[in-house]
2 protein chains.
Amino acid sequence: MATGRTHRPATRSRGIPEATVARLPLYLRALTALSERSVPTVSSEELAAAAGVNSAKLRKDFSYLGSYGTRGVGYDVEYLVYQISRELGLTQDWPVVIVGIGNLGAALANYGGFASRGFRVAALIDADPSMAGKPVAGIPVQHTDDLEKIIDDNGVSIGVIATPAGAAQQVCERLVAAGVTSILNFAPTVLSVPDGVDVRKVDLSIELQILAFHEQRKAGEEAEAQAGAVLEAEAAAAAAKETGKGPDGDVPAVMPA
Amino acid sequence: MATGRTHRPATRSRGIPEATVARLPLYLRALTALSERSVPTVSSEELAAAAGVNSAKLRKDFSYLGSYGTRGVGYDVEYLVYQISRELGLTQDWPVVIVGIGNLGAALANYGGFASRGFRVAALIDADPSMAGKPVAGIPVQHTDDLEKIIDDNGVSIGVIATPAGAAQQVCERLVAAGVTSILNFAPTVLSVPDGVDVRKVDLSIELQILAFHEQRKAGEEAEAQAGAVLEAEAAAAAAKETGKGPDGDVPAVMPA
DNA sequence: CCATCTTTGTGCACGCGTTCACAAAGACAT
DNA sequence: ATGTCTTTGTGAACGCGTGCACAAAGATGG
């Protein structure tokens, strides 16, 4: 359209939408795969397909980073890998501590994707004294008592909480007090943190429940596609109010085929 | 898909926004905690605080389910627990299979939150023949060869993929072909599935990268000079193509950590 | 029964994210 | 050079989700 630059987005690096940031790792992964196959350039259409998004969205996402593409050709894979890496802060090393070395913590410690890109497991921490010294994924587990020192010595700013729910908030507070400002929480609890601390949560139970909701909806649609008795839900709710006592473990007339 | 002809689910659920559905498990957890403390009623304000959301949002969320509150009093805890459980489909039993019993798969199998609410680990499946028969979390691992039969015999409609990335798509296709219509994917891959199949993904690596982005941003703001890890040579190229990095005040004054 | 007080349920406005659609930009062939 | 063809970058419209602010509903006390 207008040849003239109307208004360049004055604030570029700061203005990256959160939704875009969340997709950058996806693009990066797809680009890395292309890079390993020595593909020199890629179009927005191809890359979008690989990342599982819409091409217009991808182009808009990239437009927040700058004009890194070449019209008529596409994007230079290597260059884009570098730009996104830099934007995400992956060109530097991030020491990470994992607190709570149970099944999940051990799984995380062993997770290859950890070390692969900028992240390094600096320490494993557990409250169980009998775990102390025991190596997990080649890293000796240390006791919670030393948490503050570990954080400080290693300059850790990202912490992963894989403890039971009951311990999570307390661990969180100690991490924050020790200087951690980003937390990845696997415990099924709402963490409260001061301003300036980022928390992201990964909750298996919630994901499953969301799936169950859609699963139920699908089953319902399929079963009575044309019934459409909206008011019936009312009656069902009323009737359910009577029968509803132990919403926990009871199984209502399920008969697996 | 084997689970079919149960009873009719609420037809009203069609209008529940996705964002609301994603929060229902959060409310449910908070409500369950209140229920265990025998708290009879709770106000939107209190419950919202417990769930870590805004009270107006909570009320609006509940309004999609119906008018289950009492003005001047609040919500009946037990009743709400039941309503949300029903809405999410947790009053029925959901058999789940976990494919890929490595560190992560084992952690998931052992995860208590699984069985606690509606979900039941029906089977563990792995491609490694030496795993076959070996019990994990009290459940014997079965071989991938029997995947279709396991799905069918147990009426499984929800599958969890915890395999390496390379195997995920293939496993996914077999699950779908066998009748699974909801998939929780822990493998770092974009799964492509036919319409009607829901996929949710949990990706540790992505979460960490998002945290790193914000962490870098915080560090940059705070010290104004923490853009340390920018690679020299390529940074020059980048600066040449782009007119500097932070137009909004974050200057790339390099100061290596 | 009436007044007051608490808390829900929701209309409304706003901002963010998504998507469409297309002009501008460049590559490439002639 | 010039024209054609491909693909980017983005203005604009739209829809969803969020939060405010308040009237309606009901409890509670006198």
Side-chain angles (χ1 to χ4, degrees), chain A residues 1-12 14-24 26-27 31 34 39-77 79-80 83-84 87 210 234 237, chain B residues 12-24 26-27 31 34 39-77 79-80 83-84 87 210 213 241-243:
Chain A
M1 205 117 308
T3 308
R5 50 330 252 249
T6 40
H7 273 0
R8 211 156 36 135
T11 58
R12 192 191 297 157
R14 184 91 26 217
I16 299 182
E18 192 57 33
T20 295
V21 173
R23 281 187 294 268
L24 290 182
L26 229 50
Y27 302 144
L31 285 164
L34 291 172
V39 177
T41 61
V42 65
S43 71
S44 64
E45 204 69 52
E46 294 167 318
L47 185 54
V53 303
N54 164 306
S55 71
K57 192 186 293 184
L58 178 141
R59 287 198 301 275
K60 179 142 288 192
D61 282 342
F62 285 175
S63 78
Y64 293 116
L65 308 183
S67 291
Y68 294 153
T70 303
R71 293 170 193 235
V73 176
Y75 299 91
D76 182 277
V77 172
Y79 187 57
L80 203 47
Q83 288 300 340
I84 294 180
E87 202 67 57
I210 295 172
E234 227 62 36
Chain B
R12 179 197 318 218
S13 57
R14 195 153 290 100
I16 300 182
E18 192 55 34
T20 295
V21 173
R23 280 189 294 268
L24 289 181
L26 229 50
Y27 302 145
L31 285 164
L34 290 172
V39 176
T41 62
V42 65
S43 72
S44 63
E45 204 68 52
E46 294 166 317
L47 185 54
V53 302
N54 163 305
S55 71
K57 191 185 296 183
L58 179 142
R59 288 198 300 277
K60 180 145 290 192
D61 283 342
F62 285 175
S63 78
Y64 293 116
L65 308 184
S67 291
Y68 294 152
T70 304
R71 294 171 192 235
V73 176
Y75 299 92
D76 182 277
V77 171
Y79 186 57
L80 203 46
Q83 288 299 341
I84 294 179
E87 203 66 58
I210 295 172
F213 172 83
K241 179 156 187 171
E242 190 197 354
T243 55

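Remark: C1' of dA27(D) and CG of Asp76(B) are 15 Å apart, rounded to the nearest angstrom. Atom P of nucleotide dT8(D) and atom CG of Leu80(A) are separated by 11 Å, given to the nearest angstrom. If you measure from atom CZ of Arg59(B) to atom C1' of dT6(C), you get 12 Å, rounded to the nearest angstrom. Atom CG in Leu58(B) sits about 10 Å away from atom P in dG9(C), given to the nearest Å. Between the CG atom of Leu65(B) and the C1' atom of dT8(C) there is a distance of 14 Å, given to the nearest Å.
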Contact list (N/O, under 3.5 angstrom) for nucleotides 24-26 of chain D vs protein:
{"unit_1": "dA24(D)", "atom_1": "N3", "unit_2": "Arg71(B)", "atom_2": "NH1", "d": "2.7"}
{"unit_1": "dA25(D)", "atom_1": "O4'", "unit_2": "Arg71(B)", "atom_2": "NE", "d": "3.3"}

Please write out the pairs of protein N or O atoms and N or O atoms of nucleotides 1-5 of chain C separated by less than 3.5 Å, giving the distance to one decimal.
none

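Overall bending of the helix from dC1(C)-dG30(D) to dT30(C)-dA1(D), expressed as the angle between end axes built from five pairs apiece, is 10° (10° steps).
Note that OH of Tyr64(B) and CD1 of Ile16(B) are 10.0 Å apart. Values are rounded to the nearest 0.5 Å. Note: Tyr27(B) OH to Leu65(B) CG = 9.5 Å, rounded to the nearest 0.5 Å. Taken to the nearest 0.5 Å, the OG atom of Ser55(A) stands 11.0 Å off from the CG atom of Asp61(A). Annotation: the span from Gln83(B) atom CD to Leu31(B) atom CG amounts to 11.5 Å, rounded to 0.5 Å. The distance from atom OG1 of Thr41(A) to atom CG of Leu47(A), rounded to the nearest 0.5 Å, is 11.0 Å. To the nearest 0.5 Å, the span separating CZ on Arg23(B) from CD1 on Ile84(B) amounts to 12.0 Å.
Nucleic acid contact for Phe62(A): none, since no nucleic acid atom lies under 4.0 Å from a heavy atom of the residue.
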How would you summarise protein contacts on nucleotides 13-19 of chain D per nucleotide, using B for base, S for sugar-phosphate only and - for none, with heavy-atom distances below 4.0 Å? ----SSB

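Under the rule for a side-chain contact (heavy atoms from CB on, under 4.5 Å), Ala49(A) has no partner lying at least two apart in sequence or in another chain.
Side-chain atoms of Phe62(B) and Leu80(B), non-hydrogen and from C-beta on, do get closer than 4.5 Å to each other.
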Please walk me through it: do Glu87(B) and Val21(B) pass side-chain contact (heavy atoms from CB on, under 4.5 Å)? CA-CA 9 Å; Glu87(B) 203 66 58; Val21(B) 173; over 6 Å; no

Side-chain atoms of residues 69-76 of chain B: list all donor-acceptor pairs with protein atoms under 3.5 Å, sequence neighbours left out, distances to 0.1 Å.
{"unit_1": "Asp76(B)", "atom_1": "OD1", "unit_2": "Glu78(B)", "atom_2": "N", "d": "3.3"}
{"unit_1": "Asp76(B)", "atom_1": "OD1", "unit_2": "Tyr79(B)", "atom_2": "N", "d": "2.8"}

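Listed pair Ser44(A) / dT7(D) fails the phosphate criterion, with no side-chain N or O lying under 4.0 Å from OP1 or OP2.
Paired with Ser44(A) under the rule side-chain hydrogen bond (donor to acceptor under 3.5 Å, both in side chains), one option of Lys57(A), Arg59(A), Lys60(A) passes, and it is Arg59(A).
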